[in-house]
Colleague: 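Below are the structure tokens for one structure; questions will follow.
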Amino acid sequence: MEQSDLDRDQQYCELCGKMDDLLKCGRCRSSFYCSKEHQKQHWRKHKLTCKETDKAQLPKQKPEQSPPPPPPLPPADVQAPEKHREETGPEQTDSAAVPQTANTEVPGDEDGRREERSMNTPTPNGQTSSSPRKLSVEYIVPCMNKHGICVVDNFLGAEIGLGILDNVQALQKTGKFTDGQLVSQKSDSTKDIRGDKITWIEGREAGCEKIRILMSRMDDLIRHCNGKLGNYKINGRTKAMVACYPGKGTGYVRHVDNPNGDGRCVTCIYYLNKDWTAKEHGGLLRIFPEGKAQFADIEPQFDRLLLFWSDRRNPHEVQPAFATRYAITVWYFDADERARAKEKYLTGEKGEKVELDKASDPS
């Protein structure tokens, strides 16, 4: 029986997270690998859950014996790359979703570098082992629709998270990070508003393989949420903004990601800060949900994913950080609002050209 597109969207290599050209475990037929080598490397863990198709035919193993090698991956189970990322996939987000300006992302008043939250919003405990669909439908959708803010801890696991951190630190060493910019702000005053260094990543760049896994997993979550997050129909996203606050009390004053209807509806931020404590390191993301007396404080803890509405419902600030603080942010677009913003960009209002991909200054 042919698998549904939805099932295929949840497939990725159990070892490295790759989602293309996958092979299926010939025994349990529910786990996938990009190669036989990765299956062998992962067998010690996978054997604990792999369903044996015929226990009676397998010789009983003595405790001191090493586990048998994993069953071969049958060539017939090769999965062809799926054509699904039409909406949020990493393969083609910026070309169709973002006008081709000097930057094909959404620079400007972005904050993809700091975020935290602290209301009484529930957070999954321990390793996030549920499928992207289950996590999206059973936790993220109700949490976002009720609070407008959602936190997922242990999103990718320590191994992938450390790989992403390695990618980010290697990027930083290349000197590709530049000062975060604001629109209509003089350069000498920008650092008084935001103190982060940023670079934009598509995911295909050399040395960014682990960052691409993160982007793909974010896309999986949003795709399964699509049609259920408010009234939004999400059809694209920005590139990933990799940001670093270098410590020394740097932060970002209170602002809104999308104050003027540029199409961004959901902000997704992934944190990479090992052993971070707000008491010692600062750097809290404080969100001020519209219409609520309390604020939400989110620590930028390692392997934490934060989602929140990008518009005026969630003004937020990054409080001074006293240690190096890393985060990766992706913004997702609502189709209708983005179309209106593009039209405004092409025609202009009152004869003035609208800089669509540059958000206004924080108020």
Colleague: Answer whether the closest heavy-atom distance between the side chains of V330 and Y270 falls below 4.5 Å.
Modeller: no
Colleague: Between CG of L305 and SG of C268, what distance do you get to the nearest 0.5 Å?
Modeller: 5.5 Å
Colleague: Could you check if a side-chain atom of V242 sits within less than 4.5 angstrom of a side-chain atom of I198, using non-hydrogen atoms only?
Modeller: no
Colleague: Looking at D179 and K197, does any basic side-chain N land under 4.0 Å from a carboxylate oxygen?
Modeller: yes
Colleague: Side chain of N260, backbone of D262: donor and acceptor closer than 3.5 Å?
Modeller: no
Colleague: Applying salt bridge (charged side-chain N to carboxylate O under 4.0 Å, His left out), can you list everything that pairs with R313, at least two apart in sequence or on another chain?
Modeller: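 In terms of salt bridge (charged side-chain N to carboxylate O under 4.0 Å, His left out), with neighbours along the sequence ignored, R313 is linked to D311.
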Colleague: Does any non-hydrogen side-chain atom of V151 lie less than 4.5 Å from one of R304?
Modeller: yes
Colleague: Do you know the tightest heavy-atom contact between N258 and E337?
Modeller: ND2-OE2, 2.9 Å
Colleague: Do the non-hydrogen side-chain atoms of L221 and L135 ever get within less than 4.5 Å of each other?
Modeller: yes
Colleague: At their closest point, which heavy atom of E290 faces which heavy atom of R312, and how far apart are they?
Modeller: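 That closest heavy-atom pairing would be CB-O, 4.1 Å.
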Colleague: Does F308 belong to the same Ile/Leu/Val/Met/Phe/Trp/Tyr cluster as V253, with side-chain heavy atoms less than 4.5 Å apart forming each link?
Modeller: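 Yes, because F308 and V253 connect within a single hydrophobic cluster, where side-chain heavy atoms sit under 4.5 Å apart.
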Colleague: Who passes ring-ring contact (aromatic ring centres under 6.0 Å, His included) against Y232, sequence neighbours left out?
Modeller: W309
Colleague: Under 3.5 Å, is there a donor-acceptor pair between the side chain of R254 and the main chain of P315?
Modeller: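 A pair under 3.5 Å: no.
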Colleague: Could you measure the distance from the SG atom of C225 to the CD1 atom of I234? Nearest 0.5 Å is fine.
Modeller: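 Answer for the SG-CD1 pair, C225 versus I234, is 7.5 Å.
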Colleague: State whether a side-chain donor-acceptor pair under 3.5 Å links D219 with Y332.
Modeller: yes
Colleague: Taking the side chain as everything from C-beta on, heavy atoms only, tell me whether R325 gets closer than 4.5 Å to H281.
Modeller: no
Colleague: What are the two closest non-hydrogen atoms of G195 and P246, and how far apart are they?
Modeller: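 What the structure gives for the nearest pair is O-CD, 3.5 Å.
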Colleague: Start with the C-alpha distance between I213 and I164, add both sets of side-chain angles, then the distance that settles side chain to side chain contact (heavy atoms under 4.5 Å, CB included), and finish with yes or no.
Modeller: CA-CA 9 Å; I213 292 175; I164 295 170; 5.8 Å; no
Colleague: Quick one, I211 with L171, criterion side chain to side chain contact (heavy atoms under 4.5 Å, CB included). Give me CA distance, side-chain angles, the key distance, then yes/no.
Modeller: CA-CA 11 Å; I211 295 176; L171 280 172; 4.0 Å; yes
Colleague: Quick one: list whatever passes side-chain contact (heavy atoms from CB on, under 4.5 Å) with K248, sequence neighbours left out.
Modeller: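 Applying side-chain contact (heavy atoms from CB on, under 4.5 Å) to K248 gives none.
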Colleague: Taking G157's backbone N and O only, do any of them form a donor-acceptor pair with D303's side chain (distance below 3.5 Å, no angle check)?
Modeller: yes
Colleague: Taking 4.0 angstrom as the limit, do R223 and D220 come out as a salt bridge?
Modeller: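 Answer for the salt bridge query: yes.
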Colleague: Tell me every residue that passes side chain to side chain donor-acceptor pair (under 3.5 Å) with E205, counting only those two or more places apart in sequence or in another chain.
Modeller: none
Colleague: Looking at every non-hydrogen atom in both residues, tell me the closest pair between P320 and G249 and how far apart they are.
Modeller: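 Of all heavy-atom pairs spanning P320 and G249, the closest is CB-O, 3.4 Å.
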Colleague: Only counting residues at least two apart or in another chain, list the ones meeting side-chain contact (heavy atoms from CB on, under 4.5 Å) with K228.
Modeller: V137, V141
Colleague: Closer than 3.5 angstrom, by distance alone: can the side chain of R264 be matched with the main-chain N or O of S310 as a donor-acceptor pair?
Modeller: no
Colleague: Working to the nearest 0.5 Å, report the span between SG of C208 and CZ of R212.
Modeller: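 One gets 11.0 Å once the value is rounded to the nearest 0.5 Å.
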Colleague: Which value, rounded to the nearest 0.5 Å, describes the distance between L229 atom CG and I222 atom CD1?
Modeller: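 Result: 6.0 Å between the selected atoms.
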Colleague: Can you name the side-chain contact (heavy atoms from CB on, under 4.5 Å) partners of D166, sequence neighbours left out?
Modeller: Q169
Colleague: Any chance you could measure D153, atom CG, to F302, atom CZ, to the nearest 0.5 Å?
Modeller: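 Taking CG in D153 and CZ in F302, the distance rounds to 12.0 Å.
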Colleague: Any side-chain heavy-atom pair from H255 and E317 closer than 4.5 angstrom?
Modeller: no
Colleague: State, with a plain yes or no, whether a side-chain heavy atom of N314 is found less than 4.5 Å away from one of V256.
Modeller: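 No, too far: nothing below the 4.5 Å cut-off.
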Colleague: Indicate yes or no for a side-chain donor-acceptor contact from S136 to the backbone of P132 under 3.5 Å, with no hydrogens or angles considered.
Modeller: yes
Colleague: Check the pair I160, R217 against side chain to side chain contact (heavy atoms under 4.5 Å, CB included), reporting the backbone distance first and the verdict last.
Modeller: CA-CA 11 Å; I160 296 178; R217 299 288 179 88; 4.0 Å; yes
Colleague: Looking at residues at least two apart in the chain, or sitting in another chain, which of them share a side-chain contact (heavy atoms from CB on, under 4.5 Å) with E138?
Modeller: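 Partners of E138 by the side-chain contact (heavy atoms from CB on, under 4.5 Å) criterion, ordered by chain and then number, come out as K134.
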Colleague: Just jot down the side chain to side chain donor-acceptor pair (under 3.5 Å) partners of T250, sequence neighbours excluded, or say none.
Modeller: none
Colleague: What's the separation between atom CD1 in I328 and atom CE in M241, rounded to the nearest 0.5 Å?
Modeller: 10.5 Å
Colleague: Answer whether the closest heavy-atom distance between the side chains of C244 and Q172 falls below 4.5 Å.
Modeller: yes
Colleague: Could you check C25 against Q39 for side chain to side chain contact (heavy atoms under 4.5 Å, CB included), going step by step and ending with a plain yes or no?
Modeller: CA-CA 8 Å; C25 174; Q39 186 201 23; 4.1 Å; yes
Colleague: Any idea which heavy atoms bring M215 and E202 closest together, and the distance?
Modeller: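 Here M215 and E202 meet closest at CE-O, 3.1 Å.
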Colleague: Do any side-chain atoms of residues 273-280 form donor-acceptor pairs under 3.5 angstrom with protein atoms, and if so which ones, sequence neighbours left out?
Modeller:
from	atom 1	to	atom 2	distance (Å)
N273	OD1	Y326	N	2.7
N273	ND2	P300	O	2.8
N273	ND2	Y326	O	3.1
W276	NE1	G282	O	2.9

Colleague: May I ask you to check whether T267 and W331 show a side-chain donor-acceptor distance below 3.5 Å?
Modeller: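 A donor-acceptor contact under 3.5 Å links the two side chains.
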